[in-house]
Structure formats: structure tokens, C-alpha cells
Visitor: 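After the C-alpha cells below, expect a handful of questions from me.
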Amino acid sequence: MNFQILDADYFREEDRPVVRLFGRSDDGKSVCCLVPGFEPYFYLSASGDLQKLGQTIKDRFDVVKDIEVVERFEPIGYQETKQPMLKVTTFDPRNVPEIRDEVAEMLGGGKVYETDILFRNRFLIDKGFKGMGWVSAETDTDVSKGDLLCDHVMRSSELTEVDRIANAPLKYMAFDIECLPHDGGMPTPDVSPIIMVSFSFEPAYKGHSTIVLVKKEVEGVDDDVEMFTEEADLLNRFFEIITEYDPDVITGYNINDFDVPYIVDRVKTLNESGGGIRSVVGRDSRQLSYRKIISRTMVSIPGRVVVDALPLIRQQFSLKRYTLRNVSKELLDREKLDVAPADMEEHWNDSGEKIRKFIDYARRDSELALELLLKLKLLDKYIALSRVSGVLLQDTVSGGQTNMVEHILMTEFGKQGRVMSTKPDDETSAFRRKQNENLKGGAVLEPEKGLHENVIVLDYKSLYPTIMMAHNLCYTTVVKPGTYPEEDIIRSPSKGEFVKPDIFKGVVPSVLEHLLDQRISTKQLMKKASDEGEYRVLDATQLALKILLNSFYGYSGYARARLYSLQMANSVTSIGRGNIARTEDIVCNKIGRIILRDNVAYLTDEVSDSREDDKVVKLSVAYGDTDSVFVHCRNDCDEEFAEGEFSLEDSALVGRKVASIVTASLPDPMELEFEAAAKRVLLIAKKRYAQWIFEPTNDGWEDQIKVKGLETVRRDWCELTSKMLNRVLELVLKEGDIDGSVRHVRELVDRVRNLDVQKDADIVEDLVLTKSFSKSPSSYKNKQPHLTVVENIQRRTGVRPAIGERIPFVITAGKGLFVDRAEDPEYVREHNITLDVDYYIQKQMLPPVERILGVFGVDVATLNHDSKQKGLFDFDRSPEEKVETVRRTCRGTEASAQQADQKTQSSLFDF
DNA sequence: TGGACATCCTAA
DNA sequence: TTAGTTAGGATGTCCA
């Protein structure tokens with residue numbers, strides 16, 4: 001029988017570990033396969049007589065089953081030969097952590113390896129099985145199900161990997177609980193009962209796509225509402241439904257931090273007074289539990305995957321708030337039904353419309369959670385990451401990149417006879433963090449500030465991974481500087497030394513090569529994919545490969561990594577910095593000019609003659625960051641091309657020519673790529689710019705305004721700023737309409753200045769700022785506006801928003817520091833408090849727009865318009881003033897001076 | 001008043 | 001068992 005691996009763990013059978021693989025078969029049955037015979041082990045290296053040491057260890061620890069002398073490489077550093085080590089096999093997986101410290105003490109200068117590898121991962125790695133991968137098992141062994149809650153239980157030591165792309169028909173379930181708090185505050189599990197639970201199912205459960213359990217008799221409800229008088233009965237039914245439905249994926253919104261811990265604690269409270277609740281939710285008889293690990297709750301359910309939609313959405317979408325209400329509205333365009341916490345008690349006690357509304361509200365919440373997971377395809381990426389990295393789905397969903405990188409490297413290390421380091425202790429990590437002060441990053445070129453036309457965007461494809469591949473940078477190739485002959489090493493600008501690949505090909509470069517090859521072939525398959533499901537899986541796969549490719553550099557400089565090499569990390573970035581500098585030099589000096597003739601791009605020395613219709617394109621680098629360069633194309637006289645003289649196709653010809661020249665100068669597989677052509681680019685500062693960009697598609701070009709770093713993409717600015725700036729950027733980039741921009745800003749400023757709360761309700765909405773409440777209030781050294789609001793809310797409601805939440809606030813009118821005048825928008829609305837319009841004009845509107853329009857000589861005085869104060873800065877200025885504006889612009893940057901000289905650009909300053 | 005520092009959030 | 005990296009801009013507080 002074939003099944004897809006969802007989860008894995010082990011149990012003890014007559015004092016021997018038996019691995020359990022949980023999964024779902026292609027015909028939709030849940031499966032548990034018991035695999036006996038796999039043994040836990042670890043390694044140690046020491047000087048002296050290993051045979052003798054082995055005997056000593058075996059005599060001392062009776063949990064040691066076997067000791068063997070083997071040959072292995074150490075994890076870090078190039079080594080010419082393997083060295084003898086001891087492989088210690090124990091009876092039980094838990095013996096390994098039990099004895100590792102004592103064993104380590106016996107070694108003196110020696111070390112232990114792989115003593116902290118979870119047994120299930122050890123099994124997956126050694127056997128070559130992958131999370132969400134397919135395996136085939138013999139089913140002929142008859143096995144009693146015992147406490148296992150699966151359709152099929154089997155036992156097999158002979159499992160084989162199966163090559164299959166499609167996923168099994170998985171079952172998804174979302175749930176959400178409602179509690180009855182004391183008096184509008186936060187419910188606490190010791191006193192506040194769970195009064196409702198809602199479920200949503202995909203596929204449906206006994207014909208129901210949702211079910212609501214209610215601790216109350218209610219009349220006139222649908223048949224998918226089940227009613228209980230006892231909370232314990234309701235909860236027992238909750239667990240019964242889960243085990244009966246037998247979902248593979250359990251989801252919900254904020255379930256890890258709220259619903260699951262609440263249920264667990266509530267069950268405990270009820271059982272203390274004889275509730276008799278058995279909270280079995282997994283595929284074995286263990287009861288529901290959670291673990292708190294420093295402000296973070298981890299939930300795992302045997303045989304299933306727990307997916308809290310909240311952290312996934314946080315990670316994947318940049319939103320101002322992550323309440324279920326806001327997320328549904330922004331991402332699903334669906335409204336959350338609402339019963340305010342303060343009104344819950346009233347709704348609950350009602351026996352008519354209100355209680356039915358409350359039930360619908362509860363139902364909608366689990367519906368939304370499931371919809372988020374399925375419609376936004378949140379899980380696709382994680383399933384692909386599991387299949388590519390081999391890590392179990394639960395671990396890709398709730399873990400970080402470290403998990404996956406280490407799993408991949410450990411698999412490869414195992415194959416090459418190399419042992420893996422243990423995780424560093426706190427002291428080591430702290431030391432490494434200190435060392436990391438010497439880790440330098442990418443280079444950011446000083447932008448040629450101002451507005452430019454005809455800019456080509458070139459970027460390096462997977463820069464850091466290709467640097468590691470091209471230069472054989474690896475933990476396994478790094479050597480102490482000066483210890484190997486020049487001809488055998490590659491030296492980075494940061495003075496890191498690595499043996500050449502013909503001496504030893506690094507594990508990381510090989511792994512990256514494999515990942516890159518897979519990505520290329522996956523993209524090929526995507527072009528041929530016929531059905532949508534297959535395309536979706538392939539697309540997620542190539543994305544997962546990209547994520548993994550880009551994880552290795554960060555991992556190499558991560559203080560808590562099993563493998564850490566400052567020398568390697570620094571070499572990657574130093575080569576990167578050298579590379580972008582060299583690229584700039586090639587583009588500006590070595591190439592300098594491109595000749596366009598008959599739709600072909602030539603270097604100046606590739607043409608011997610000069611023709612009438614040649615188009616000479618002069619190149620300069622206007623900006624660059626880490627792996628990209630913006631190449632400004634101008635005519636031979638250093639001026640912008642006249643309207644229509646330089647087409648997108650010309651951009652592409654030049655861009656591809658330049659990219660190929662640069663690529664040819666680089667070691668394989670480093671590659672500079674033509675990414676897009678920008679008609680206009682506005683460079684404000686490093687990491688802050690806007691482009692009107694045209695990306696090549698199969699049949700032509702796709703244009704958009706792309707904004708990086710400016711206030712429109714920052715969540716700590718209000719919507720008013722974003723909207724105003726977006727309009728200004730569009731006018732400037734697409735129309736070159738400075739005049740219109742100024743008019744637009746003046747209009748908005750005037751509206752805000754004379755804000756009518758009734759009439760301009762839409763603007764009031766747009767004045768809300770948000771900031772992330774990122775740490776405990778006591779560790780803030782300065783006052784912060786959102787902290788003021790957090791304190792206000794806590795004082796009024798007794799509930800403090802959770803750390804990590806984004807806090808909305810507005811600035812109210814009054815005297816003193818602005819932080820003290822930050823207030824909860826909700827509270828302001830209810831109490832009709834006046835906002836500080838001056839703050840919004842002076843701090844939110846004018847500075848960002850001045851940074852943009854200042855490029856064209858527009859100053860704050862021009863923008864700061866007040867219709868009630870006629871005369872002074874009236875928009876229809878005198879001719880003399882207009883001249884002054886243009887002159888100021890000309891005096892500005894060199895670029896804008898050049899633009900001002902041109903006829904085509906004069907309209908920009910005609911206001 | 002002005003510079004150091006804290007804080008936030010983004011680019012890559 | 002449980003958190004990839006540095007570079008950099010902008011704002012506002014704190015304190016000399």
C-alpha cells in the first residue's frame with residue numbers, strides 16, 4: 001500500500017523502539033505503519049585507544065547496546081582523511097541524551113556528535129524518507145490496532161520510497177471556541193466556561209460542512225447545531241467529532257496561543273471536579289497538550305498536523321493588523337460577523353435572535369479560518385518545503401529555516417561519512433553573536449538621486465548561492481588561512497581560504513547545485529503541466545527550492561546553528577561586494593556605450609564603421625543594492641533620449657547585451673540577468689525609490705509602479721500618506737505631472753486642515769497609524785506612541801494586548817509630547833475626541849511628499865495650503881516665482897539640471 | 001540645540 | 001528540539 005508521510009514518532013515495545021509512520025493512502029484511508037528494528041546511536045571522537053575506551057563505556061552504561069569503531073570526517077573544516085570515531089548504539093532513544101553528558105566528560109579533549117537528533121528524524125534521514133513523501137509498505141502482516149485510530153494499521157520493516165508528485169486526498173478541519181468571560185474581560189479557564197465550539201470541514205463530515213456545539217438549549221436552529229446542558233458533554237463531543245472525522249490537518253485562527261491551551265486548561269479544571277473528559281484528538285490515545293517555550297506555545301497532535309493560520313498569514317502577508325476581522329476583509333474580501341466581547345454575555349443569555357446571531361458568529365470564525373488556509377493555499381509552500389527538505393510537515397509549518405537546512409545537510413553528511421555537530425550551548429551562541437559583529441553584508445551603491453528615464457534593471461540570479469557554488473565555499477572546504485599552498489586554495493576578499501573543488505568539492509556547493517538543477521527542471525515541467533493541480537504543486541516546489549537555496553547563507557552566519565562559519569559567511573558577502581563593484585565598472589567603463597543597429601546591440605569595438613541610423617546609448621549605473629544594478633541609458637551627449645527615441649525593445653536589447661557581457665566575465669553558475677526596463681525611476685535615497693517598470697512577458701510587456709522603502713509600503717505610516725503618495729508617484733512617473741501632484745497635495749492638506757469629522761469620515765479612517773508592540777513594556781527605554789495606547793487599553797479594560805500585536809493609534813489634539821497624545825482610535829470615535837490635524841499635516845503628509853517633490857524644487861510652503869488663509873501661498877503664482885522654482889531645480893542635482901535643459905522635460909517644471 | 005540613541009520597518 | 005543574515009532611512013526621545 002502506498003501512502004504519504006504526514007507524521008512520524010516512535011513508541012516502546014518490549015523495551016525496543018518502534019517507529020510509527022502516519023499518513024494517508026492514495027485511496028483516502030488514514031494509515032499507520034509500524035517499523036521495528038531501527039536503533040538509536042551517536043558518535044564520539046577521542047584520542048588514544050578507542051577500542052579500550054569503547055569497552056569502558058560499555059561496561060559503565062548498561063543502556064549501551066553496541067559500540068563500534070568507525071571512520072568519519074569531523075563536521076567543520078577540510079580534512080584529507082577520515083579519522084576513527086566510536087559509534088555508540090543504545091537500546092532506547094532516550095538513553096542518548098541520558099548518557100551523553102557523562103560520556104562527554106569521560107573523553108577529556110574528545111567530543112560527542114549527533115547526540116541531539118530526534119529519533120524520528122534520525123530514522124527519516126537514515127532511511128531516506130521525506131516529510132510528505134510517498135512510501136510503499138507491505139500490508140500482509142496482520143496487526144492489532146491497539147490504541148491507534150487509523151483506518152489501516154500495518155507493520156513493515158521493508159518500506160520503499162515512491163516517486164509521486166500529487167498529494168493524497170487530505171482532510172482539513174478548522175475549529176474555534178467561544179468562552180463566556182466574567183464581565184467583558186478576558187476569559188480565564190479556571191472560571192470561564194467554554195460555551196460554544198464551531199467546526200468547519202473539507203471535505204464535509206457526514207454531509208455537514210460546519211457544525212456548532214452549544215452549551216444551551218436554543219430553538220429554531222439548523223440541524224448542524226448540537227446542544228448540551230453540560231460543558232463536559234460538549235467537550236467530550238468535541239473530541240469525539242475530531243477522532244471520528246479523522247482530519248490530517250487541524251487549523252484555526254490563533255489556536256496555538258488561545259484555543260488549544262484554553263481547552264487543555266479548561267479540561268483540567270473540569271476533571272479536577274470529576275468532569276471525566278478524555279481529550280483524545282490525535283491518532284493514538286494521548287490526550288491533548290501543549291508546551292510553552294518562552295512566550296510561544298507549541299502544539300502537536302500525534303499523526304496529524306496542527307496549522308495555526310495566524311502565524312502563516314503574518315509571515316506571508318504584510319498587513320496593518322492581523323485580527324481575523326481585518327485579515328478576512330483584506331485577503332478574502334469577507335466580513336467577519338461580529339459580537340463585541342462586551343455584548344457576549346447579553347447575546348448568550350438571549351433566547352431569540354441574539355443567541356442565534358452569536359451561533360452564526362461562532363460558525364463564521366471556523367469557516368473563515370478554513371477558507372484562509374484553503375483559498376490562500378497557505379499549506380502548498382510548506383508541503384513543498386517538506387518534500388524538498390525531507391522535514392516533517394509539522395516542523396516546516398512551525399519551525400524555521402534552520403530545521404530544513406540542518407536536515408538537508410545532515411542527510412548529505414551522512415552519505416559522505418561526516419558527523420554532524422550538536423547544537424551550540426548558550427555560551428557558544430553568545431560568543432558567536434559577538435563574533436558576528438565582524439560579519440559584513442551586501443554593498444549598497446549611492447543612488448544618483450532624482451528622476452531618471454530609461455533605466456534598465458539587471459540583477460544577479462540567486463547571487464549568494466551561486467557565489468558559494470562558484471567558489472566552493474563550504475564548511476567542508478574551509479581551511480585555516482596560510483596552511484595550504486596558494487595553488488590549492490580560493491581566497492575571498494575577506495581573506496577566507498577554501499580548498500579548490502578538484503581537491504574536495506564542498507557539500508554545500510553540491511547541495512545548492514542539486515537544488516538549483518531541481519528548480520530549473522521543475523520550471524520546465526511547469527511549462528508542460530496540463531492540469532491545474534499539478535501546476536500548483538510544481539509552482540510551490542520551485543518556490544520552496546528558491547527559499548531553500550537562499551537559506552544557506554543566512555544559516556552559515558547564524559549563531560545557534562549546528563554548523564557555523566564566520567569565515568564562510570564573510571567570504572560570501574565579500575565576494576558579493578566585489579562583484580557588484582566590478583559590475584558597475586564593467587557597465588560604466590569597460591562597456592560604456594552600446595550601439596543599436598538594425599535591432600542588434602553592439603559594443604563600440606564590435607562595429608568598425610559608423611552609420612547614420614546608429615543609436616548610441618551611453619550607460620551609467622544610477623543605483624545598486626547587493627545583487628542589482630540600475631543602468632541609466634542616455635544619448636551620446638549625456639542627455640535623456642527624446643520622447644519615443646528609446647523604446648522598451650531598445651532597453652531589452654541593451655539590457656540583454658550588457659547582462660551577457662558581464663555574465664561571460666563571471667565564474668559559472670553566476671549570472672547577471674536583464675529583469676526589466678523602467679521608463680522612469682525616482683531615486684530618493686538608499687533602499688528608497690519608485691519605478692514605472694515594464695517587465696517582459698511572453699507577448700509584450702507588463703507595466704506597474706513599483707515602490708521600495710517609501711512610506712507607501714511602510715505600515716507605520718497612515719493610509720492617508722500612502723494614498724496621497726501613491727497618487728503623486730503615479731502622476732510624476734507616468735504623466736510627469738508635477739503641477740497635478742502639487743494640486744493634489746494642496747487639496748488634501750486643505751481638507752485635512754479643515755477636517756469635518758462628519759463629512760470627511762473616510763479621511764478620519766485613513767489617519768490611523770499602526771506600530772508593532774514588540775517587547776515587554778518594561779524593556780522600552782523611550783516612550784512610544786503605541787505603548788501609550790497599550791497602557792490606556794490595559795487601564796480601561798484590564799486586558800493588555802499581546803506582545804507581537806500591531807497596535808492602531810491616532811494622534812489627538814493637545815499640548816505636550818506627541819507620544820502622550822496617542823490614543824486608541826476606537827476610544828477616540830466613541831468619545832468624539834479631536835485629532836491633531838497639524839500633526840498629520842506637518843509630520844505625516846508634508847515630509848514624505850516633500851522628499852519626492854523636492855526633487856523638482858517644490859518646497860513645503862508651496863504644498864502647505866490653507867484655503868481659509870488666502871493670498872500668501874496661493875497656487876497661481878506670479879511668473880517671477882515660477883522662474884525661481886525652475887532655477888532652484890536646475891541648481892539641484894546634476895541629473896535634474898540636465899533634465900531641465902531639455903525641451904521634452906520642460907513640462908515637468910511648468911507650474 | 002544638536003547629537004546619541006532607541007525604535008520601527010523595510011531592501012536585499 | 002523548537003528564531004537565517006546585514007544595511008539603512010526616518011522619526012522622536014533623552015540628555016548634555
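This structure is a prediction, so every number in the text was calculated from the model and none was measured. Proteins get letters first, then strands, A, B, ... in listed order; numbering begins at 1 in each.
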Visitor: Both Lys687(A) and Tyr553(A) contact DNA chain C. Taking the nearest nucleotide for each, which residue is further toward the 5' end?
Guide: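 Upstream on the strand: Tyr553(A).
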Visitor: Can you confirm whether Ser398(A) sits close enough to Met298(A) that some side-chain heavy atom of one is under 4.5 Å from a side-chain heavy atom of the other?
Guide: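 Heavy-atom side-chain distance check passes, below 4.5 Å.
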Visitor: Between Arg122(A) and Glu114(A), is there a salt bridge with N-O shorter than 4.0 Å?
Guide: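 Result for this pair is yes, salt bridge flagged.
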Visitor: Salt-bridge test for Arg286(A) and Asp9(A): reply yes if a basic N is under 4.0 Å from a carboxylate O, no otherwise.
Guide: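 Yes.
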Visitor: Extract, from 5' to 3' on DNA chain B, the first and final nucleotides lying under 4.0 angstrom from some heavy atom of chain A.
Guide: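 Under 4.0 Å from chain A, the extent on DNA chain B is dA6(B) to dA12(B).
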Visitor: Is there a side-chain contact between Val662(A) and Tyr460(A) (heavy atoms, below 4.5 Å)?
Guide: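 Side-chain contact under 4.5 Å: yes.
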Visitor: Would you mind reading off the distance between Ile803(A) atom CD1 and dA3(C) atom P, rounded to a whole angstrom?
Guide: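 To the nearest whole Å, that distance equals 18 Å.
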Visitor: In this structure, how many angstroms lie between the C1' atom of dG8(C) and the CG atom of Leu710(A), rounded?
Guide: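 Spelled out: CG on Leu710(A) to C1' on dG8(C) is 13 Å.
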Visitor: Using the six-membered ring of Tyr558(A), assess whether NZ or CZ of Arg432(A) lies under 6.0 Å from its centre and within 45 degrees of the ring axis.
Guide: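 Pair Arg432(A)/Tyr558(A) does not count as cation-pi.
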Visitor: Check the pair Thr476(A), Val508(A) against side chain to side chain contact (heavy atoms under 4.5 Å, CB included), reporting the backbone distance first and the verdict last.
Guide: CA-CA 8 Å; Thr476(A) 64; Val508(A) 169; over 6 Å; no
Visitor: To the nearest Å, give me how far apart CG (Asp257(A)) and P (dT2(C)) are.
Guide: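 Atom CG in Asp257(A) sits about 18 Å away from atom P in dT2(C).
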Visitor: Mind checking if Ile293(A) touches a base, just sugar-phosphate, or nothing, with heavy atoms under 4.0 Å?
Guide: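 Base, at least one base atom sits under 4.0 Å.
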Visitor: Answer with base, sugar-phosphate or nothing: what part of the nucleic acid does Lys775(A) contact at a heavy-atom distance below 4.0 Å?
Guide: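 It contacts sugar-phosphate atoms only.
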Visitor: Describe the nucleic acid contact of Tyr558(A) in one word from base, sugar-phosphate, nothing, applying a heavy-atom distance below 4.0 Å.
Guide: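 Tyr558(A): backbone/sugar contact only, no base atoms under 4.0 Å.
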Visitor: Stem finding on DNA chain C, please: runs of three or more consecutive Watson-Crick or G-U wobble pairs, both distances under 3.5 Å, sorted by first number.
Guide: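 Looking at DNA chain C, the stems formed by three or more consecutive pairs are B:1-12 with C:5-16.
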Visitor: Report, as a single string ordered 5' to 3', how protein heavy atoms within less than 4.0 Å touch nucleotides 10-16 of chain C: B base, S sugar-phosphate only, - not at all.
Guide: SSBSS--
Visitor: What is the nucleic acid contact for Gly400(A), judged by heavy atoms within less than 4.0 Å: base, sugar-phosphate only, or nothing?
Guide: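 Counting heavy atoms under 4.0 Å across all strands, the contact made by Gly400(A) is with sugar-phosphate only.
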Visitor: Looking across every strand, which nucleic acid part, if any, lies under 4.0 Å from Arg291(A) by heavy atom: base, sugar-phosphate, or nothing?
Guide: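 If one applies the 4.0 Å heavy-atom cut-off, Arg291(A) turns out to touch a base.
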Visitor: As a quick check of understanding, evaluate side chain to side chain contact (heavy atoms under 4.5 Å, CB included) for Phe498(A) and Ser571(A), giving each step before the final call.
Guide: CA-CA 10 Å; Phe498(A) 304 82; Ser571(A) 295; 3.2 Å; yes
Visitor: Using the rule given for side chain to side chain contact (heavy atoms under 4.5 Å, CB included), can you reason through Lys381(A) versus Gln315(A), listing the C-alpha separation, both sets of side-chain angles and the distance that settles it, and then say yes or no?
Guide: CA-CA 12 Å; Lys381(A) 184 176 88 181; Gln315(A) 213 191 31; 4.1 Å; yes
Visitor: How many Å lie between NZ on Lys449(A) and P on dG8(C), as a whole number?
Guide: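 Spelled out: NZ on Lys449(A) to P on dG8(C) is 12 Å.
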Visitor: So among Asp426(A), Thr402(A), Thr428(A), which one has a side-chain hydrogen bond (donor to acceptor under 3.5 Å, both in side chains) with Arg560(A)?
Guide: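 Output: one option passes, namely Asp426(A).
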Visitor: What integer distance in Å separates Asp308(A):CG from dT2(C):C1'?
Guide: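 Asp308(A) atom CG is separated from dT2(C) atom C1' by 16 Å.
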Visitor: Thr573(A) near the nucleic acid: base, sugar-phosphate alone, or nothing, with a heavy-atom cut-off under 4.0 Å?
Guide: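 Result for Thr573(A) = nothing.
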Visitor: Do the numbers put Lys775(A) on top of the ring of Tyr780(A), so that NZ or CZ is under 6.0 Å from the six-membered ring centre and no more than 45° off the axis?
Guide: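 Yes, Lys775(A) sits over the ring of Tyr780(A).
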Visitor: Report the distance from atom CD of Glu406(A) to atom C1' of dG4(C), rounded to the nearest whole Å.
Guide: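 Value for this atom pair: 11 Å.
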Visitor: Using the side-chain hydrogen bond (donor to acceptor under 3.5 Å, both in side chains) definition, which of the options Arg562(A), Gln401(A), Glu406(A) pairs with Tyr555(A)?
Guide: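 Filter result, single survivor: Glu406(A).
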Visitor: Report the C-alpha separation of Ile467(A) and Leu473(A) in whole Å, then their side-chain angles, then the decisive distance to 0.1 Å, and conclude whether the side chain to side chain contact (heavy atoms under 4.5 Å, CB included) test is met.
Guide: CA-CA 8 Å; Ile467(A) 284 176; Leu473(A) 308 185; 4.0 Å; yes
Visitor: Given dG4(C), is OP1 or OP2 found less than 4.0 Å from the side-chain N or O atoms of Thr402(A)?
Guide: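 For dG4(C), OP1/OP2 do have a side-chain N/O of Thr402(A) under 4.0 Å.
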Visitor: Distance check needed: dA3(C) P versus Gln401(A) CD, whole Å only.
Guide: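 The answer, rounded to whole Å, is 12 Å.
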Visitor: Is the ring centre of Phe818(A) less than 6.0 Å from the ring centre of Tyr839(A)?
Guide: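 Yes, the ring centres sit under 6.0 Å apart.
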Visitor: So what does Asn436(A) touch, heavy atoms closer than 4.0 Å: a base, only the sugar-phosphate, or nothing?
Guide: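 Since only primed, P, OP1 and OP2 atoms lie under 4.0 Å of Asn436(A), the category is sugar-phosphate.
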Visitor: Name the nucleic acid region contacted by Arg433(A), choosing base, sugar-phosphate or nothing; use a 4.0 angstrom heavy-atom cut-off, strictly under.
Guide: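 Counting heavy atoms under 4.0 Å across all strands, no contact is made by Arg433(A).
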Visitor: Can you measure Asp395(A) atom CG to dA3(C) atom C1' for me and round it to whole angstrom units?
Guide: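 Taking atom C1' of dA3(C) as the reference, CG of Asp395(A) is at 14 Å.
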Visitor: Describe the nucleic acid contact of Tyr689(A) in one word from base, sugar-phosphate, nothing, applying a heavy-atom distance below 4.0 Å.
Guide: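 Sugar-phosphate contact only - Tyr689(A) comes under 4.0 Å of backbone atoms but never of a base.
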Visitor: Identify whether any heavy atom of Gly554(A) sits under 4.0 Å from a base atom; if not, whether one sits that close to sugar-phosphate; answer base, sugar-phosphate or nothing.
Guide: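 Here Gly554(A) touches the bases of the nucleic acid.
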Visitor: Give Tyr464(A) one of three labels, base, sugar-phosphate or nothing, depending on what nucleic acid heavy atoms sit under 4.0 Å from its own.
Guide: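 No contact.
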